[in-house]
Amino acid sequence: MLPVNAERFLADLHALRQFGAAGVGKGVVRPAYSDADIAARDWLAERMREAGLSVHVDPVGSVFGLAEGTSLLLGSHSDSQPEGGWLDGALGVIAALEVARASAEASGPPVSVVSFQDEEGRFGVTTGSAVWSGNLSLEKADGLTDRDGVTFADARARMPGRSEAFVDPSRFSGFLEMHIEQGPVLDREGEAIGVVDAIVGIRDMKITLVGEQNHAGTTPMQGRRDAFQALSQFNTLLAERFANVVTPHTVWTIGHVSLHPNASSIVPGKVTFSMQWRDGDTDRLGRMEAIIRETVEEVAATGGFELSFGPLLGLEPVDMDPRLRGALETSAETDVPGRWRKMPSGALHDATNVSKLMPVAMLFVPSIGGISHAFGEDTAEPDLVTGLRVLAGAVEVLD
Ligand code: GLV
Ligand code: MN
Ligand code: MN
């Protein structure tokens with residue numbers, strides 16, 4: 001077994017959390033290209049150098065620590081949601097760093113490390129790895145905007161030390177990503193490890209409805225073109241129309257709403273909102289898209305709203321590579337016999353994009369109470385260390 005150092009791993013995980021530490025508990029605010037994110041990536045690059053890896057920051061700001069020759073790639077992302085926890089992404093990056101260090105110290109197999117940029121979708125959906133894999137062109141990415149209208153092109157220009165070149169994926173024999181589950185299953189069942197068999201697909205787009213801004217006291221209810229009421233009607237109709245199409249595993253979310261001008265005494269004239277939906281079946285994602293478009297078109301036509309759609313972003317559902325997954329299963333069964341399971345991922349991960357370039361697999365550790373994308377996200381430290389050992393064990397099995 002590669003001699004991973006649990007104390008060093010936990011100390012680095014806590015050190016990374018200091019960049020953007022916020023909120024109660026172990027919360028983090030470290031969105032892509034924020035000052036905290038850039039400082040964290042600088043810190044990470046230094047740890048990579050100390051581990052004997054050569055640092056390559058690609059054109060979008062994904063940070064690679066490259067081992068010589070052909071290597072396995074391990075990692076995840078170190079940016080966070082606008083309000084996030086300390087482990088989402090960070091765990092996979094720091095576990096990768098520790099395995100690379102331990103392997104170098106023990107003259108084990110070469111291991112490279114990556115922290116992808118904007119996995120959390122300030123601009124797109126897993127933007128950094130999507131561009132690397134060709135799932136999203138750099139030109140299209142550059143035109144994407146965050147919720148304040150900043151473009152991806154302007155944001156990535158803030159990231160220092162970027163190379164003009166992307167890393168050649170043929171130098172890697174495969175990609176392993178360790179992550180927190182971000183759901184309730186392992187915690188509820190008292191299990192230590194999830195070996196992912198597939199990752200769901202996603203679609204995401206912005207929708208804008210423009211009605212008429214007016215005085216909230218003098219404008220009769222009849223004839224108002226109130227953008228909030230239109231969104232509310234759309235949301236209710238959508239749930240009804242999805243009923244015959246979705247399964248208990250399908251999810252959809254309107255997570256960001258920008259209402260203009262957002263004042264108590266003004267009938268809102270404009271709303272822009274995010275519409276996101278996820279499922280393991282590409283056909284179903286397509287049927288849901290048709291329902292979304294028809295429903296909002298109907299609401300717009302009936303109420304007299306101008307309607308526009310932003311670019312449709314998405315990733316297809318993917319299966320994990322059987323050989324890499326098998327190595328994780330063997331390692332899990334050795335370390336925690338009978339206390340692991342195969343499971344799908346309802347969260348998106350960089351592994352989805354990387355699967356276009358090389359074989360990929362993923363492992364999960366439990367999330368306490370199933371909480372994630374919230375300050376309360378956490379995992380018991382013994383579970384973090386178990387995940388590290390299982391990851392290191394899989395690297396050895398693959399060697
Ligand atoms: C990734 O954070 C996702 O939204 O699933
Ligand atoms: Mn993540
Ligand atoms: Mn996340």
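Each ligand, and each atom within it, is numbered from 1 in the order the structure gives.
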From M288 atom CE to R278 atom CZ, the distance as rounded to the nearest 0.5 Å: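 The CZ atom of R278 is 11.5 Å from CE of M288, to the nearest 0.5 Å.
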Rounded distance (nearest 0.5 Å) linking atom CG of L398 with atom CG of L176: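 That separation rounds to 6.0 Å.
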H179 near the Mn ion (ligand 2) via N/O/S, less than 2.8 Å: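 True for H179.
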The Mn ion (ligand 2) to nearest N/O/S of D88 less than 2.8 Å: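 Yes, since at least one N, O or S atom of D88 sits under 2.8 Å from the Mn ion (ligand 2).
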For A347, the ligand 1 atoms whose distance to one of its heavy atoms is below 4.0 Å: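 So the atoms of ligand 1 that pass are 5 (O).
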For E120, the ligand 1 atoms whose distance to one of its heavy atoms is below 4.0 Å: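 Those atoms are 1 (C), 2 (O).
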R156/D142 ion pair, N-O < 4.0 Å: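 Counted as a salt bridge, because a side-chain N and a carboxylate O are separated by less than 4.0 Å.
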Part of H349 with heavy atoms under 4.0 Å of ligand 1, whether side chain, backbone, both or neither: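 Answer for H349: neither.
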Side-chain (R224) to main-chain (T219) donor-acceptor, under 3.5 angstrom: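 Checked: pair present.
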Any donor-acceptor N/O pair, D79 side chain to E120 backbone, under 3.5 Å: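 It does hold such a pair.
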Within-cut-off N or O pair, G346 and ligand 1, under 3.5 Å: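 No - when backbone and side-chain N and O of G346 are compared with those of ligand 1, no distance drops under 3.5 Å.
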N/O/S from E119 sitting under 2.8 Å away from the Mn ion (ligand 3):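 Looking at E119, which is the residue asked about, there is no N, O or S atom under 2.8 Å from the Mn ion (ligand 3).
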Aromatic plane relationship, W86 with H14 - under 30° parallel, 30 to 60° tilted, over 60° perpendicular: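 If you compare the ring of H14 with that of W86, the planes turn out tilted.
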Within-shell test, R278 vs ligand 1, heavy atom, strictly < 4.0 Å: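 Flag set, R278 near ligand 1.
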